[in-house]
Every structure is written in C-alpha cells, then in structure tokens.
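Throughout, a chain's letter reflects where its sequence line sits, starting with A, and its residues are numbered from 1. Side-chain atoms are counted along with the backbone in the values below, which use heavy atoms only and exclude waters and symmetry mates.
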Protein chains: 2
Amino acid sequence: MVQAPSRRDRARTATTQEIKQTARRILVQDGPGAVSLRAIAREMGMTAPALYRYFDSHEELIKHVIADIFTELTDDLRTAIESASASSGGNLTDKVIAACWEFRRWSLTHKREFGMLFGTPLPGVNVEQDEITADRGGEFGNTFFVLILELWRKHPFPVTADEAIDPGLRQQLERYRDGLGELGTGLPLGLLLIFLRCWTRLYGTLSLEVFGHLGFALDDAGPMFELMLVDTAPLIGVEYPQQR
Amino acid sequence: MVQAPSRRDRARTATTQEIKQTARRILVQDGPGAVSLRAIAREMGMTAPALYRYFDSHEELIKHVIADIFTELTDDLRTAIESASASSGGNLTDKVIAACWEFRRWSLTHKREFGMLFGTPLPGVNVEQDEITADRGGEFGNTFFVLILELWRKHPFPVTADEAIDPGLRQQLERYRDGLGELGTGLPLGLLLIFLRCWTRLYGTLSLEVFGHLGFALDDAGPMFELMLVDTAPLIGVEYPQQR
DNA sequence: AGTTGTTGTTTACGGCATTAACTGCGGTGA
DNA sequence: TCACCGCAGTTAATGCCGTAAACAACAACT
C-alpha cells in the first residue's frame, strides 16, 4: 500500500497561482487535451479532488488559465508597442506594424496558448458568455483598436460613411460602439468596420499558420504574413515599408 | 444482469458506412468531443471493441469521418458552382461568388463539421501527414483553385512576377506548384500567391464567424463576409456586383 | 460433421471529472 | 489545557473514455 503524501510532505499549501501555472506547463508540454485535473494534481503532488477547493470545476480552471494567457499576451503586445514607439520616436506606423509582428512571434512561440484563445472551443468550455475571459479578451482587442484609433485621429484615413453602411450591419456596429464605452463615443462606424476587417485578416493569416492548415502549400508562412500586412496597411492609411 | 444484444437481435452486420454515419450524427448532435467509440457503439446497439473490426483506432475512424466530410463539402460546392454556371450562362464571376457564398452557407449549417475540418486538431488526431484526409482536403482546395485558374486563363489579371517574389517564398511556391501535378504546370507563381491570399481571407472571415469569435462585436457576420468578398474580388480581376 | 474465419461479447486496465465521506492539523475560545 | 471548528487535503465510488486479450456464436466451406 503506497502512502499518499501527507500534509507534512508538502512544503506549503497550494495557491490558485501555482495551480494555473502547473496547468499552463502541462498545456505547453502536452497540449490542451492533457490539461486534466488529475494531471495537474499529479504534477503538484496532490490528488485531483483537492483542486475543487480552488476551482468549482475543470471548466472554471481552464477559463482562468485562458484569462491569464490573454493578459500575458496583451502585456507582451503593449511592451512591444512601447518599445517600437521608443525606438522610432513615437511613430504610429511603426507601432502598429510592431504589434502585428509581435503578435505573430508570440503566437508561433505559444501555439498551444494560441489554440486555447483562438481555436475551436474545448469541449465543455464555454468562453463566450463568461465574465473574466470576455473582459481579458476585450483588453486584448483594445490593444489593437487604440492603435488604429490613434492612427485615424492623427492622419484620418477614409472610412465608409455611416449612411453608406448596410443598415443591418450599421445597427450591429452601433451596438458594438456603445459597448466600447467612452473609447468609442463619437467614432464613425466605418472605423469599427476597418478595425474588424484588419482583425479578420490578421486572425485568418495567423491561425492558418499556427494550426498548420497551410501545410499543403507552405512550410514557412512568414512571407505570406508580410504580404497580408502590405495588403492591409492601405486600409488604415499606411504604406508598409518594403525593404528590398 | 442485463443481457447484451445477441447476434440475433441485430438485424444485420455493421458496415463502415453505418459506423461513420453514426459518428457523424453524434458529432452534429453533441459536438466533436462526444464522438467516442463507446457512444457510437451504444447508438448502434453493440459494444465499443467491436468497432475495432472496422477501424484500427478511434483516430482512424475520425480521420475517415473527416475525409467523408471533405468530399461531401466538395461535392456540395461543385453542385453549387455548376448550378450557378447554368443559371448565368457559364459566367465565371458568378461561379466563384456562388462558391464562396455556398461555402459560407455550408459552414454555418455544419458548424461542427467545419470545426472538424478547419479548427484546432482534436487531441490525438494528426490530420497533417495522413493519406486520406490530405487527399480529400486537396480536392476541396482544388475546387476553388480551378475556378481562379479558369478566371485567370480567360481574363488574365495581374500577378506578381516570379522574379519579384521573395526568394524564400518563391522556392516554397515552386514546390507547391510541383505538387499540384499537371494542374500547376506552367503557372506563374504569383497566381498561386493570389490563391493563397484569397483562401486566407475566406478562411479567416468564415472561421471567425463559425467559431463565434466575432461575438464581441457582431451577431450576424453576413455583411462582413460580403465586404470581404468586395475587398478580395479585385485580387482576381473581378468586381463584386453590389446590389443596392 | 468438423474446421476455419468473421463478428461480435466479456472482462480488464488505466485515465478522466466529479461527488461524498472522512482525516489530520492549526487556531480559537472556554 | 482542552474541546471544538474549519481548512486543506485524503480515500472511495460512480460513470465516462480508448484499448487489448480472451472467448463465443454463427456462416461457409471442405
């Protein structure tokens, strides 16, 4: 009969931080499917039911991990943006380009995390109507949004006039703008539209690369990413600096 | 003690078709995570190990299901393309637009299947270096590719000259072209590049919508899809017909 | 009629989430 | 000092999962 580790064998009591970090480690090493309560507990030298002291369920834990990854990514992006700003004297174009490339760099070095945030939702994990993940996800989105907003305020690029937008879409955009709070007040809906289009392209290019769905054609999708930026820059009144 | 159904209780012997159909039904009803051997067997009135007579493993079964979905989608697209061709006197623009909209329609009415094909790979299911899924996936891609190819042959739109393409990318595109067989012989690499760019935008727009990742801004992403088509049409020398 | 191959079943192993009941410990108040 | 309470863990159990091995019923062929 093997004796389970007694209270005295564990140096101290567990914390939610430790649990999430362990979950994270397992995610990176063995993929999203391997992040089980048992695996986490095993790694921490305890048993699975103990984790219920800290999280209501497996799903709850996963959501907190996702939220953590979101803030980590957001912080990473903001750092990269600041650094680009510093080394270019606050040039906005450089900032937004740096943000895009840093997003790609992070995604490729954190594929598992990327899948957790942007891939198909795990079975039994409903991120959509969840408080914390929605908040952190919003923060992430805002990071890109404020860049485009700043860009537009300084060098206004043309956006579709509100009246020229399909009424159904217009209504949705108005709701979206209202949800943005003071960040969105007074903004033309066309600007939100531009933002969504940029995000769509960025997301599509990156998720194809990260998930390996471009493998049928390419090994290294880096040049494709750059092409996407070249294509998309004009949408926000920027010319992508070609270095050739 | 409940008696398991004896051979006589089952009308006839199972077929791989039935198994895959059952798996499919479960996929649609309960999501990808619910497609377990036990669930399939239960639904069919048999026991899980029996399925090993027909498939080497759970993974193998899933791969065949994926392959089936690919061919189904491809057939669906080809039918839509033909029908659009018939009702427009063979107009190429109409065909390619019909293909895109049909792809969206199919994806939204088959979200689970879409996730299976284009989402994050299921744990323990390696579609990448698999024979059958790669083939069927290739067929799917070709469906779009031949449209663009036809379009280019009839009304050549400008493509980046081979020499103007980043050498690293060029090399990959050459390999990709070689892999296309006779379909690709003699084609400018820039054409492949256009195709990949179109696919990236289509995929990004659609997967954001299907996976609900646009929920933070929009409920109905239909207008965004159309905007994407409007944006992308010029890449292949087409003007998207605005009906307003 | 006996043999063989096909198509199932039963049983078993280890892993999973989750629940319920229990235990050892620290600290607190009498 | 001692009884008590609550915290942080345990064990045990339920019912899922994929998979493997042994076994049983049946059909067809010799």
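- The side chain of B:T13 approaches C:dT7 more closely than any other nucleotide in the set D:dT19, C:dT7, C:dA17.
- The distance between atom CG of B:D30 and atom C1' of D:dC17, rounded to the nearest whole Å, is 15 Å.
- Here the C1' atom of nucleotide C:dT6 and the CG atom of B:L51 are 15 Å apart, to the nearest Å.
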Stepwise salt bridge (Lys or Arg N to Asp or Glu O under 4.0 Å) check, B:E139 with B:R136: CA-CA 5 Å; B:E139 275 301 300; B:R136 310 292 187 94; over 6 Å; no

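- For A:S36, the listed nucleotide lying nearest its side chain is C:dC16; candidates were D:dC17, C:dC16, C:dT18.
- A salt bridge links A:R104 to A:E209: one of the charged nitrogens lies within less than 4.0 Å of a carboxylate oxygen.
- For B:R38 and C:dC16, the shortest distance from a side-chain N or O to OP1 or OP2 is not below 4.0 Å.
- Phosphate contact (OP1/OP2 of D:dG9, side-chain N/O of A:T47, threshold under 4.0 Å): absent.
- Distance CD1 (B:I62) to C1' (D:dG18): 12 Å, rounded to an integer number of Å.
- Between A:E59 and A:K63 there is a salt bridge, with a side-chain nitrogen of the basic residue lying less than 4.0 Å from a carboxylate oxygen of the acidic one.
- Per the geometry, CZ belonging to B:R53 stands 11 Å off C1' belonging to D:dA22, to the nearest Å.
- For B:Q29, the CD atom counts as densely surrounded, since its 6.0 Å shell holds more than 12 non-hydrogen atoms of other residues, nucleotides or ligands.
- For the OP1/OP2 pair of C:dA17 and a distance below 4.0 Å, the side-chain nitrogens and oxygens of A:S57 include no atom meeting the criterion.
- Projected onto DNA chain C by closest heavy-atom contact, A:R42 and A:P49 fall at different nucleotides, the more 5' of which corresponds to A:R42.
- Under the 6.0 Å cut-off for aromatic ring centres, A:F114 and A:W106 do not qualify, their centroids lying 6.0 Å or more apart.
- Aromatic ring centres of B:F103 and B:F140: separated by under 6.0 Å.
- To the nearest angstrom, P of C:dT18 lies 6 Å from CG of A:L37.
- A salt bridge does not link A:R197 with A:D231: every distance from a Lys NZ or Arg NE/NH1/NH2 to an Asp or Glu carboxylate oxygen is 4.0 Å or more.
- Atom C1' of nucleotide C:dG8 and atom CD1 of B:I19 are separated by 12 Å, given to the nearest angstrom.
- In this structure, OH of B:Y52 is placed 12 Å from P of D:dC17, rounded to the nearest angstrom.
- Following rounding to the nearest Å, A:Y54 (OH) and C:dT18 (C1') show an atom-to-atom distance of 18 Å.
- Between the axis at the start and the axis at the end of the helix from C:dA1-D:dT30 to C:dA30-D:dT1 there is an angle of 30°, using five pairs per end and rounding to 10 degrees.
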